Amino acid sequence: MGLILEAENLKKYYGEEPNITKALDGVSITAGQGEFVSIIGTSGSGKSTLLNMLGGLDVPTSGSIRIRAGKSQK
């Protein structure tokens, strides 16, 4: 089974120097077809930011996201 999601070195920064907030700083994740993935962490660790980027609701400051489109099932 192949990869359906690959995110590499995602960074999301808010603000400008010297007051930068690093919501994500170099996060990478992969998921293969049929896999279950859980994202856990403390409050403020960037879970929602990561999910918003993976879902296309937010754009990373840098890094890349690749999602393989599959065939629709009827």
Side-chain angles (χ1 to χ4, degrees):
M1 305 214 175
L3 286 179
I4 59 169
L5 168 72
E6 185 175 19
E8 293 181 345
N9 201 28
L10 293 179
K11 295 181 181 182
K12 183 63 177 183
Y13 297 168
Y14 296 99
E16 297 180 6
E17 288 288 355
N19 299 317
I20 288 183
T21 299
K22 295 180 179 182
L24 294 178
D25 194 23
V27 174
S28 298
I29 185 172
T30 60
Q33 185 174 347
E35 286 187 323
F36 289 91
V37 177
S38 176
I39 299 172
I40 59 172
T42 60
S43 177
S45 64
K47 301 176 300 291
S48 294
T49 301
L50 174 61
L51 291 174
N52 286 336
M53 284 195 280
L54 296 178
L57 300 174
D58 201 357
V59 178
T61 302
S62 66
S64 64
I65 300 171
R66 287 180 292 284
I67 299 174
R68 188 187 81 194
K71 297 178 183 177
S72 62
Q73 297 180 357
K74 296 181 181 181

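Heavy-atom basis, side chains included; hydrogens, waters and symmetry copies ignored. What you see is a predicted model, and the numbers here were worked out from it, not measured in a lab.
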The single option from S62, P60, S28 that satisfies side-chain contact (heavy atoms from CB on, under 4.5 Å) with L10 is P60

Can you find a heavy atom in the side chain of K11 that is under 4.5 Å from one in the side chain of D25? yes

Could you state the interatomic distance from NZ (K22) to OG1 (T49), rounded to the nearest 0.5 Å? 15.0 Å

Taking only residues at least two apart or on different chains, which pairs with a member in residues 38-58 satisfy salt bridge (Lys or Arg N to Asp or Glu O under 4.0 Å)? K12-D58

For a quick test of reading the model, state the closest non-hydrogen atom pair linking T30 to E35 and the distance between them. O-OE1, 4.4 Å

Apply the test salt bridge (charged side-chain N to carboxylate O under 4.0 Å, His left out) to residues E6 and R68: give CA-CA distance (whole Å), side-chain angles for both, the deciding distance (0.1 Å), then the verdict. CA-CA 9 Å; E6 185 175 19; R68 188 187 81 194; over 6 Å; no

Under 4.5 Å between side-chain heavy atoms, hopping through other hydrophobics if needed: is there a path connecting Y13 to L51? no

Rounded distance [0.5 Å steps], CG in L54 versus CG in L5: 5.5 Å

Rounded distance (nearest 0.5 Å) linking atom CD1 of I29 with atom CG of L50: 6.0 Å

Under 4.5 Å between side-chain heavy atoms, counting indirect links through other Ile/Leu/Val/Met/Phe/Trp/Tyr residues: same cluster for I65 and L3 or not? no

